[in-house]
Every structure is written in structure tokens, then in C-alpha cells.
There are 2 protein chains.
Amino acid sequence: MAIRAADSIFETLIDEIMAGQMVPGEPLVEQTLAEQFGVSRTPVREALHRLEQACLAERGARRAFVVRRMAPEDLEELFEATGEIESTLAALAAKRMSEIKRRKLETVLDEGDACDDPAAYSEINSRFHEIIKSGARNSILASTLDELNLRTLAWRAANFREDSRRLASSRVEHRGITQAILSQDAASARRQMCSHVASSYIVLSDILARRSPDRGGPEF
Amino acid sequence: MAIRAADSIFETLIDEIMAGQMVPGEPLVEQTLAEQFGVSRTPVREALHRLEQACLAERGARRAFVVRRMAPEDLEELFEATGEIESTLAALAAKRMSEIKRRKLETVLDEGDACDDPAAYSEINSRFHEIIKSGARNSILASTLDELNLRTLAWRAANFREDSRRLASSRVEHRGITQAILSQDAASARRQMCSHVASSYIVLSDILARRSPDRGGPEF
DNA sequence: TAGCTTTCTATTGTATACATGTCACTGCAA
DNA sequence: TTGCAGTGACATGTATACAATAGAAAGCTA
């Protein structure tokens with residue numbers, strides 16, 4: 001029982017959703033998954049319930065689980081919530097980030113400036129946000145952000161990859177946030193982080209609108 | 001299957017924790033609970049896993065579930081997180097609360113001023129916060145706050161009841177928050193809500209410190 | 001007696017069978 | 001053709017038996 005079947009199934013399903021292999025609306029049937037994973041329904045069942053609690057699965061027809069769909073309003077709320085929480089973390093980080101972490105933040109910022117490869121930049125980008133998250137020293141808010149990001153990333157995976165045009169403006173925004181944190185300006189850090197998250201959302205929803213301009217009420 | 005056994009057990013356990021009937025550290029054994037509820041282990045098991053995810057239960061000796069204990073640091077983080085989220089909701093409410101809700105908020109404020117009974121005031125107090133929460137129009141942040149409040153209230157239930165001396169100052173703070181929201185001053189609403197939550201935490205931790213002044217690292 | 005190993009038991013993890021509910025589909029009647 | 005009731009299948013909900021693990025306690029050895 002070193003590693004529980006239910007845990008690994010849960011992780012695997014998340015990974016598959018993240019990789020875009022499981023698209024929203026796709027059915028998640030206990031029996032079928034049990035056969036695929038070579039276990040009984042019991043651990044699968046637990047994994048599905050956890051997915052539901054993480055808002056990555058929902059109930060479809062006949063009470064069956066399906067990969068969660070998101071309406072545009074939901075998405076808007078999700079990005080707003082993500083932005084607000086990460087802004088709060090940025091504000092807290094500005095007040096109490098350690099000297100070591102401040103230096104790390106600067107280092108990562110420079111690495112980002114020197115980087116042109118979108119894939120590598122994406123990794124640097126997540127390190128940037130990771131430092132701020134841990135620098136805020138509030139594990140509850142940090143895990144709340146993680147949960148929201150899970151949902152955000154799942155949605156992105158199902159819809160499209162990051163737009164490379166965002167890279168340049170993202171760099172500028174990172175610089176602004178970093179300066180605010182380093183000068184311990186909590187209000188400015190909050191404001192800039194909020195618009196940073198918001199602008200990435202605007203780009204995404206923009207792409208989406210162009211992809212399906214005629215649909216009345218699209219569900220993702 | 002209209003109401004699932006797992007659901008009602010989950011709710012019941014939460015209620016018992018909230019009522020202070022189950023104190024932190026108390027064991028939650030599947031078999032025992034199953035007999036008490038007159039069901040099999042299966043739905044109990046699901047309820048316990050959900051409690052764990054809600055941070056109301058944790059693993060004790062022999063992997064057994066126990067009602068979650070909280071160290072002072074955890075508590076501090078919890079109150080900080082609660083304050084930050086509710087502040088965010090207050091700020092959003094200041095920007096976008098409907099006219100109807102604004103009037104409701106004023107009404108509730110007046111009711112609070114006219115009320116001397118602590119029990120009745122407690123009910124008015126929760127209505128006050130409820131209006132702000134819904135006025136922010138972000139269900140994700142709202143449910144996040146709900147989850148955190150669950151943990152906060154569970155801790156309070158296990159430790160002590162609300163201090164009646166808080167009543168007077170709470171009224172003043174509510175007035176300030178209301179004015180900020182009505183005048184659509186998001187920053188002020190955020191600031192005041194943050195200190196409102198913080199001050200209730202200060203009172204509580206103060207009482208606690210007096211109750212056990214000599215313990216090195218108390219766990220609740 | 002300290003430290004290690006073994007055993008033993010309480011408790012959870014998993015498998016499987018059966019129960020139950022929901023929805024779709026069919027067939028009949030108006 | 002439309003509405004509705006009956007029926008059936010599919011998927012989850014629950015019960016129960018068995019497996020596995022992690023501590024604790026006992027015993028063994030140096």
C-alpha cells in the first residue's frame with residue numbers, strides 16, 4: 001500500500017486531461033477505466049470523486065462522470081479568481097519575501113530576458129510565479145492558487161497552446177511585478193499581478209472568439 | 001439514491017465537528033462510524049476522504065483518520081487567508097454590487113445597530129458577510145471563502161465561543177466596510193475588511209494565549 | 001538494559017457482488 | 001402524430017469479504 005492505486009489513477013487522469021488527451025465532455029466510466037488500469041472499480045471510483053471535487057470532472061447523463069466542460073462565464077470567474085489570489089500572494093510577497101528569494105527572483109527575471117525559446121520561457125515563467133507563491137509564506141493561499149491553476153491549465157490544454165506573441169509583453173509585466181516586490185510596494189505588486197493574469201486571459205479569450213465567432217453559447 | 005448515505009454522513013460529521021462534539025485528535029474509524037450510522041464502511045470511507053480534502057480530518061497513527069488538529073502557525077495562515085479572500089470579495093463588491101444588494105446591506109447594518117442580543121447579532125453578522133460575498137459575483141472566490149470559513153468555524157467550535165466584547169467594535173467595523181462599498185471605494189473596502197477579520201483573530205488568539213500561557217507548542 | 005527483530009493487531013485498501021436510480025426507447029392509445 | 005406508461009440497460013451506490021500495511025508490543029540477543 002506504499003502507493004495507493006486510487007492516488008496513481010487520480011494523478012494519471014489529471015495528467016491525461018492536462019495533456020489534452022481527454023477533452024471536456026468525454027465520459028469517465030468506472031468500469032471502463034477499471035479495466036484500462038487493471039484494477040477494480042473501487043479505487044477508480046475514489047479517483048473520480050476526487051476529480052469532481054477538484055472541478056475537473058462533473059456529472060453528465062445518467063449520473064455518469066464526464067471531463068468537466070466550462071461555460072464562458074465560468075472561465076471568466078476562474079481567471080478573475082486566479083488573478084485575485086495570485087495578486088494577493090504578490091502583495092504578501094512584497095511585504096515579507098526573504099532576501100534570498102528576492103535575489104532568485106531577479107535571477108529568473110534575467111534568465112527570462114535572455115531566453116527566446118517559447119518552451120524554455122514557459123518553464124522560466126512557472127519558476128517566476130513559483131517564487132512569488134512561496135515568498136508570500138501562506139501555504140493555504142498557495143494551495144488555493146494551485147487548485148485554480150489546475151483548472152486553468154486543464155482548460156488551456158483542451159483548447160490551445162500559449163500564444164507566442166504574449167512572450168514579449170509577459171517579460172515586461174514580469175519586470176514590473178519584480179520591481180514592485182523588490183521595493184516592497186505591496187499595492188503596486190497586487191495591481192500589476194492582477195493585470196498580468198487578466199491580460200493573458202484576454203489574449204486567450206480573444207483567440208477563442210476568433211476560432212468560433214458564430215457559436216451562440218459555446219461550452220468548452 | 002435520492003440522497004446518498006455518503007453525503008449525509010459527511011454533513012453529519014461536519015455538523016458534529018462544528019458543534020464541538022468531536023474535538024481535534026478524536027479518532028474517526030470507518031468500522032465504528034459505519035456501525036453508528038447503520039451503514040457499511042463504503043459510504044463512511046467516502047465521507048472521511050472528503051473530510052480530509054476539506055482539511056477537517058487528517059491521518060493519525062496507523063493511517064487512521066482523526067479530527068484535524070491545528071498548530072498556531074496553521075491558524076495564523078488560515079485567518080490571513082480568510083481575511084485576504086474576504087477582502088477581495090469586499091473590493092469586488094464595492095465595484096459591482098447591485099443597487100438592491102446595496103440597500104439590503106444598509107438594512108442589515110441598521111438591524112445590527114438595533115440588536116443587543118449576541119445570538120441574534122451573530123445571525124445578522126453572517127447575513128452581512130453573506131451579502132458581500134454574493135455581491136462580489138464570483139462564485140469561485142465565494143466557495144473558496146466558504147471552505148476556509150468551515151475550517152475557521154470548526155476551530156472556534158473546538159475552542160471557545162465568540163467574545164461578546166467584540167460586538168461593539170464589530171458594529172463599527174461593519175459600518176466602515178458598508179460605507180466603503182456604498183461609495184464604491186474598492187481599496188478602502190479591502191483594507192477595512194482585512195482588518196475586520198484580523199481583529200477577530202487577534203481577540204481569539206489573545207484569549208487562547210491567556211488560557212494556556214505556559215505551553216510551548218500547543219496543538220488545537 | 002539498549003537495541004534490534006519478530007510477531008501481532010488495528011485499520012485502511014481493494015475486489016466483487018448486488019441494489020438502486022436514471023434515462024432512453026418502445027409500443028400503445030387517443 | 002403526440003403523449004405517456006412500461007420496460008430495459010447502463011452507470012453509480014452500497015455491502016461484504018479479503019489483502020496489505022503500519023505501528024505497537026513483545027521477545028530475543030549482545
Side-chain angles (χ1 to χ4, degrees), chain A residues 1-17 21-69 71 154 217 219, chain B residues 1-17 21-69 71 154 217 219:
Chain A
M1 222 180 288
I3 44 160
R4 303 192 321 143
D7 288 340
S8 69
I9 291 168
F10 178 66
E11 300 287 342
T12 305
L13 288 176
I14 284 187
D15 287 346
E16 289 186 357
I17 292 172
Q21 291 169 23
M22 308 206 96
V23 297
E26 186 159 339
L28 297 163
V29 180
E30 290 181 5
Q31 184 63 49
T32 311
L33 292 171
E35 283 162 14
Q36 285 176 13
F37 286 107
V39 296
S40 78
R41 274 180 53 210
T42 310
V44 173
R45 180 182 168 70
E46 187 183 323
L48 291 181
H49 278 93
R50 283 169 65 185
L51 273 185
E52 187 185 24
Q53 282 197 272
C55 292
L56 291 175
E58 64 181 349
R59 300 292 185 151
R62 286 187 185 189
R63 262 183 129 79
F65 285 106
V66 298
V67 178
R68 179 158 179 153
R69 292 173 287 251
E219 287 221 337
Chain B
M1 222 181 291
I3 44 159
R4 303 191 319 144
D7 287 340
S8 69
I9 292 168
F10 178 67
E11 300 288 341
T12 305
L13 288 176
I14 284 187
D15 288 345
E16 289 186 358
I17 291 172
Q21 290 169 24
M22 307 206 96
V23 296
E26 187 159 339
L28 297 164
V29 180
E30 289 181 5
Q31 184 63 50
T32 311
L33 292 171
E35 284 163 12
Q36 285 176 13
F37 287 107
V39 296
S40 78
R41 273 180 53 209
T42 310
V44 173
R45 179 182 168 70
E46 186 184 322
L48 291 181
H49 278 92
R50 283 170 64 185
L51 273 184
E52 187 185 24
Q53 281 199 271
C55 291
L56 291 174
E58 64 182 348
R59 299 292 186 152
R62 286 188 182 181
R63 293 209 143 181
F65 285 105
V66 298
V67 178
R68 179 159 179 150
R69 293 173 286 250
E219 287 221 335

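- Each of A/Val39 and A/Ala61 was assigned the nucleotide of DNA chain C with the nearest heavy atom; the assignment lying further toward the 5' end belongs to A/Val39.
- DNA chain C lies under 4.0 Å from at least one heavy atom of each of the following residues of residues 40-51 of chain B: B/Arg41, B/Arg45, B/His49.
- Distance check, rounded to the nearest 0.5 Å: CG of B/Leu13 to CD of B/Gln21 gives 11.0 Å.
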Pair A/Val39-A/Val44, side chain to side chain contact (heavy atoms under 4.5 Å, CB included): steps then yes or no: CA-CA 8 Å; A/Val39 296; A/Val44 173; 3.9 Å; yes
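- Side-chain contact check for A/Phe37 versus A/Thr12: some heavy-atom pair is nearer than 4.5 Å.
- Distance, B/Glu58 CD to C/dT11 P: 17 Å, rounded to whole Å.
- To the nearest 0.5 Å, atoms CD1 (B/Ile9) and CD (B/Glu46) are separated by 9.0 Å.
- Residues from residues 29-36 of chain A placing a heavy atom under 4.0 Å of any atom in DNA chain D, listed by number, are A/Val29, A/Glu30.
- Between the CD atom in B/Glu30 and the CZ atom in B/Arg41 there is a gap of 4.5 Å [rounded to 0.5 Å].
- Put simply, CZ on A/Arg4 is 12 Å from P on C/dA15, counting in whole angstrom units.
- Using a 4.0 Å heavy-atom distance criterion, A/Leu28 is classed as a sugar-phosphate-only contact.
- Between B/Glu26 atom CD and B/Arg69 atom CZ the span is 11.5 Å, to the nearest 0.5 Å.
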Below 3.5 Å, can you tabulate the donor-acceptor pairs from side chains in residues 47-56 of chain A to any protein atom, sequence neighbours excluded?
unit_1  : atom_1 : unit_2  : atom_2 : d
A/His49 : ND1    : A/Arg45 : O      : 2.9
A/Arg50 : NH1    : A/Asp7  : OD1    : 2.7
A/Glu52 : OE2    : A/Arg59 : NE     : 3.4

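- Following rounding to the nearest Å, A/Arg59 (CZ) and C/dG21 (P) show an atom-to-atom distance of 15 Å.
- For the pair A/Arg63 and C/dG21, the criterion of a side-chain N or O lying under 4.0 Å from OP1 or OP2 is not met.
- Remark: A/Gln31 CD to A/Ser40 OG distance equals 9.5 Å, nearest 0.5 Å.
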